[in-house]
Structures are given as C-alpha cells and as structure tokens.
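Only one structure is covered here, and it is reproduced in the block below.
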Amino acid sequence: MPPPSATGEHARPPSVDSLAQSLAGSGLPHGLLVDAARAAIAAGDPAGAAERAAAMERSLLRPVINATGVLLHTNLGRAPLGTAALGGTGGGTAALRYSNLEFDTERGTRGDRHAHAGRLLARLCGAEAALVVNNCAAAVTLVLGALAAGRGVAVSRGELVEIGGGFRVPEIVAQSGARLVEVGTTNRTRRQDYAAAVETGDVALCLRVHQSNYRIVGFTEAPAVGELVDLGVPLVVDIGSGLLDEACQWLAGGPPQWLRGEPAARQTLAAGADLVTFSGDKLLGGPQAGVIAGSAESVARCARHPLARAFRAGGLVLETLQSLALTYLHRRGDEIPFWRMATTPVAELRARAAALDIGEVCDMAATTGGGTLPGVEIPSAGIVLDGDRAAELRDHDVPVVARVTEQRTFLDLRTVDPADDGIVAAAARRACAGDAAG
Ligand SMILES: *Cc1c(COP(=O)(O)O)cnc(C)c1O
C-alpha cells in the first residue's frame with residue numbers, strides 16, 4: 001500500500017478515493033474507509049482520516065478484558081462466551097455452514113427448531129420440554145400471553161419488582177394481556193394469600209419471581225414452591241438466573257459455597273412448578289437467550305402462541321446453546337467459561353497476580369453480577385495500581401476494564417482469561433509508565 005500522500009503541504013486535498021485507499025491496511029471494508037476519508041476531508045483535516053478510521057474500528061464490537069471481578073458484567077456482555085461454548089459438536093466452524101435447524105433429516109420433512117437445544121436443556125433440568133426465546137423477559141411475556149391472556153395472574157407484592165433494563169413485573173403482566181392480581185404484602189406473603197386469590201378471582205396461574213437482584217430481610221415470609229402447587233392453577237416460577245441444578249454435577253468440586261440458596265430449574269420443577277423461565281447468559285453461562293422449561297402441554301401452548309414466532313431464538317444462538325448443553329451433559333464445567341472463572345481457586349489467582357510482576361498483589365472480592373446473587377462475594381485476587389488508571393487501561397489495544405476505589409486501581413484476575421494475563425500486564429505497565437514520563 002502506498003503511504004498517505006503528503007496532505008499537509010499543499011492546499012489541494014487528496015481525492016476521497018486515494019485517501020481511502022491509503023487506509024486499506026486497517027482491514028475495514030472500503031466503504032467505511034471512504035466514509036472516514038470523506039469526513040476527514042470535509043472537516044478540512046485529511047491527515048486525520050487514519051485516526052477517524054481507527055476510531056470507527058474501535059467503536060465496533062471487539063474483545064475487552066474484564067478485570068472488574070464482576071463475572072456477569074452487563075456492560076461487557078454478561079456470561080463470557082469462549083471457544084468451548086462455540087465449538088459445535090462434530091467439527092467444522094459453528095457459523096459457516098447449513099444446519100438442520102428446521103429440517104428432519106430422517107423423514108426429509110420440516111423439523112422443529114426446538115428439537116435440538118431445547119430438548120437437551122429440558123433434559124438438563126428434568127423437564128418434559130423446553131422452548132428457547134431471545135431472553136428471559138420474552139420468556140415470561142410469552143408464558144403469560146399463552147397461559148393467562150385475559151385472565152388473572154397472582155403475584156406476591158414482594159415480587160412486583162424491576163430486574164434492571166426495564167423488566168418490571170407489573171408492566172410485563174400488563175403487556176402480555178393478563179391482569180395482575182396482587183397477593184400478600186411486601187415483606188410477608190403466605191400460601192393462603194395465593195389460595196384466596198385463586199378462589200375468589202379468575203386466576204389463570206400463580207407467578208413467582210426470584211429475588212434475583214435484591215433481598216428483603218427482616219420480618220419476612222414467603223411460601224416454598226411446593227406449597228403452591230396444589231392450588232388448582234399452574235405455578236410458573238421465573239428463576240431468572242438460570243442455575244440448572246443445585247447439585248452442580250458439572251463441577252468436579254460440587255456446588256460452590258457462595259451458590260447456596262440460589263433456586264435451580266431442576267429442583268423447582270421437581271417441587272411441582274408447571275414451568276420455569278430463566279436467562280441463557282446468567283448462571284447458565286451461555287448466549288443471550290430465554291428458556292421456558294416444564295410440562296410438555298404448557299410448553300406446547302407457548303410454542304403455538306403467535307409471540308413464539310416473534311420471540312424465537314436464531315440458529316447461531318441455538319447452536320451455541322446446544323453445544324453448551326452438551327458440555328453440561330458431559331459434566332465438563334471447566335469448559336464453560338463462566339463456571340471455570342467462578343471456581344478458579346484463589347491461590348491460583350494469587351500466583352498469576354504475582355507472575356504479572358507489576359503493582360501489588362492483593363486479595364479481593366469478586367461478584368457474580370448481572371442481576372444475580374445480590375450481596376454474594378467470591379474470594380478473589382489480583383493486582384492494585386496506585387492512582388486512577390482506568391482511562392489508560394481502557395485506552396489499551398485490547399481495552400482493559402478495571403475498578404477504581406479511592407484513587408487505587410484494582411485488577412481482579414478472576415474474570416480474566418489466563419491467556420490474557422500478558423495483555424493485562426502490558427496494559428498495567430503502560431498505564432503506569434505514562435506517569436513516569438509525565
Ligand atoms: C434477569 C432476570 C430477568 C430478565 O432476564 P433477561 O434475560 O435479561 O431478559 C427476568 N426475571 C428474573 C427473575 C431475572 O433474574
């Protein structure tokens with residue numbers, strides 16, 4: 001590639017096309033380089049075209065190193081997706097081929113896109129059937145629309161909550177066409193409250209919503225799932241976080257202590273819930289998705305609803321979820337990035353921090369984040385740099401996102417892939433070197 005022509009010396013600016021050509025090394029498509037060149041010339045700054053192209057490149061989706069210690073960081077895409085989750089089942093690149101997404105290869109007829117990942121996820125939580133949609137908000141909306149439109153949905157006043165990003169239970173109920181029937185009080189709700197609502201009103205189902213991102217403590221009471229399954233209407237439990245099974249058979253060391261009390265799909269269904277709903281990208285550790293799992297009849301009613309078509313997950317997501325489900329079934333939790341990061345021993349993190357050879361090795365507290373397990377801390381370790389280095393770290397080639405408290409910058413290694421430690425060290429060194437150089 002020819003170098004950029006000497007743009008500053010003559011009054012006559014280079015042509016848009018030749019300026020765009022000179023930027024070809026960036027790897028951006030020609031059309032975007034033309035945009036950058038045109039904008040630079042229009043601004044009377046042709047020499048700035050390369051920087052404009054670089055800024056455009058930086059604004060695209062690209063890898064970021066999460067050194068915040070928040071495992072499911074909503075701004076950074078929640079659950080990390082690794083090659084293990086994207087590997088497919090039988091070789092080949094996951095994305096670059098046709099698939100039997102909706103084709104029955106045996107009969108040569110149209111198939112069902114829920115027959116693959118959906119079936120495996122159902123198996124994992126002990127459900128008769130499962131359906132995959134775009135996120136958990138869609139899952140809840142679809143369930144209520146399919147099972148309760150025009151009728152009442154009984155929800156405890158302690159669970160009429162907002163789960164971040166506009167998922168507000170009363171609004172979701174209204175949007176689905178169902179009618180909210182509030183039961184109990186903010187802090188205490190009993191079985192009889194639900195029973196009274198079912199007896200007196202036209203209630204289609206009871207809905208429990210997991211307190212994913214908040215806790216009500218003190219003088220509180222809520223019935224167990226098992227107490228609500230014989231009221232004569234189905235019980236739907238929005239567990240949200242997506243823990244499949246309390247026993248965590250996919251983890252060699254069993255369930256980690258910090259997970260205690262988190263409701264799981266398998267146990268909730270085993271206790272008698274008709275359906276559970278949960279996210280794909282929280283504790284499940286997969287792509288953004290929502291899962292509806294439970295009785296075959298109710299799942300089929302959801303699948304038949306017109307919204308099911310509008311909310312259905314695409315092939316890329318279903319392939320990734322299928323691969324993830326197989327990994328769970330193989331009990332290879334260490335191949336699921338979220339679980340591998342969440343269960344790395346602290347001693348290992350300390351050793352990695354020491355090997356970075358910059359800053360001060362320090363114990364820290366990581367969190368699961370992403371609107372899960374509020375207040376729960378996972379012992380962790382990393383390095384601390386003096387001063388607020390956040391901007392310099394973000395400005396690194398691969399941006400590194402850190403946490404700053406009281407003029408100290410914390411890089412938590414629990415959320416960093418060990419393969420990226422070298423990048424973290426280089427970014428930290430560069431961030432601190434700027435200091436010495438003035
Ligand atoms: C996170 C969460 C949701 C929303 O899930 P999305 O996948 O982000 O739409 C709904 N309900 C509960 C209980 C949650 O924890």
Side-chain angles (χ1 to χ4, degrees), residues 70-81 117-118 121 125 130-145 147-148 153-176 178 180 189 205-216 222 225 228 235-244 259 261-265 267-269 273 275-294 302 307-308 310-314 317-318 320-321 324 338 367-376:
V70 181
L71 282 151
L72 304 168
H73 198 301
T74 299
N75 297 357
L76 305 181
R78 282 199 189 153
L81 292 177
L121 287 165
C125 42
L131 184 65
V132 182
V133 291
N134 283 320
N135 49 51
C136 189
V140 176
T141 307
L142 178 56
V143 167
L144 298 180
L147 305 187
V153 172
V155 189
S156 164
R157 290 191 169 89
E159 298 174 0
L160 293 173
V161 298
E162 173 169 321
I163 312 272
F167 180 92
R168 309 182 89 191
V169 172
E171 291 171 8
I172 294 280
V173 174
Q175 194 55 239
S176 70
L180 181 63
T189 300
L205 58 86
C206 294
L207 173 69
R208 296 293 306 270
V209 183
H210 174 44
Q211 301 182 351
S212 299
N213 56 1
Y214 70 104
R215 289 277 182 266
I216 296 179
V225 167
L228 300 179
L235 173 67
V236 174
V237 184
D238 177 22
I239 61 168
S241 310
L243 179 64
L244 287 174
L259 204 54
E262 182 67 15
Q267 282 71 26
T268 304
L269 290 169
L275 291 177
V276 293
T277 52
F278 53 91
S279 292
D281 53 353
K282 292 182 181 170
L283 300 182
L284 189 66
Q288 183 194 301
V291 179
I292 300 167
C302 292
L307 280 179
F311 290 168
R312 69 185 188 178
V317 164
L318 292 172
T320 308
L321 274 176
L324 177 67
F338 168 76
T367 60
T368 51
T372 64
L373 297 161
V376 169

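When a residue number appears, it is its place in the shown sequence, counting from 1. Numbering of ligands and ligand atoms starts at 1, following listing order.
- With sequence neighbours excluded, the residues that form a side-chain hydrogen bond (donor to acceptor under 3.5 Å, both in side chains) with Thr368 are Thr372.
- Proximity of Leu121 to Leu324: side-chain heavy atoms (C-beta onward) are nowhere separated by under 4.5 Å.
- Residues passing the salt bridge (Lys or Arg N to Asp or Glu O under 4.0 Å) test with Asp238, sequence neighbours excluded: none.
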Walk me through whether Leu244 and Phe278 qualify under side chain to side chain contact (heavy atoms under 4.5 Å, CB included).
CA-CA 9 Å; Leu244 287 174; Phe278 53 91; 4.0 Å; yes
Name each donor-acceptor pair under 3.5 Å that joins a side chain in residues 156-168 to protein atoms two or more places apart or in another chain, with its distance.
unit_1, atom_1, unit_2, atom_2, d
Ser156, OG, Gly158, N, 3.0
Ser156, OG, Thr189, OG1, 2.8
Arg157, NE, Glu182, OE1, 2.8
Arg157, NH1, Gly184, O, 2.6
Glu159, OE1, Arg208, NE, 3.4
Glu159, OE1, Val209, N, 2.9
Glu159, OE2, Arg208, NE, 3.0
Glu159, OE2, Arg208, NH2, 3.1
Glu162, OE1, Arg168, NE, 2.7
Arg168, NH1, Glu171, OE2, 3.3

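- Annotation: side chain of Leu284 is not in contact with side chain of Ser279 (no heavy-atom distance under 4.5 Å).
- Ligand 1 lies under 4.0 Å from heavy atoms of Arg78, Asn135, Cys136, Ala137, Ile163, Phe167, His210, Ser212, Asp238, Gly240, Ser279, Lys282.
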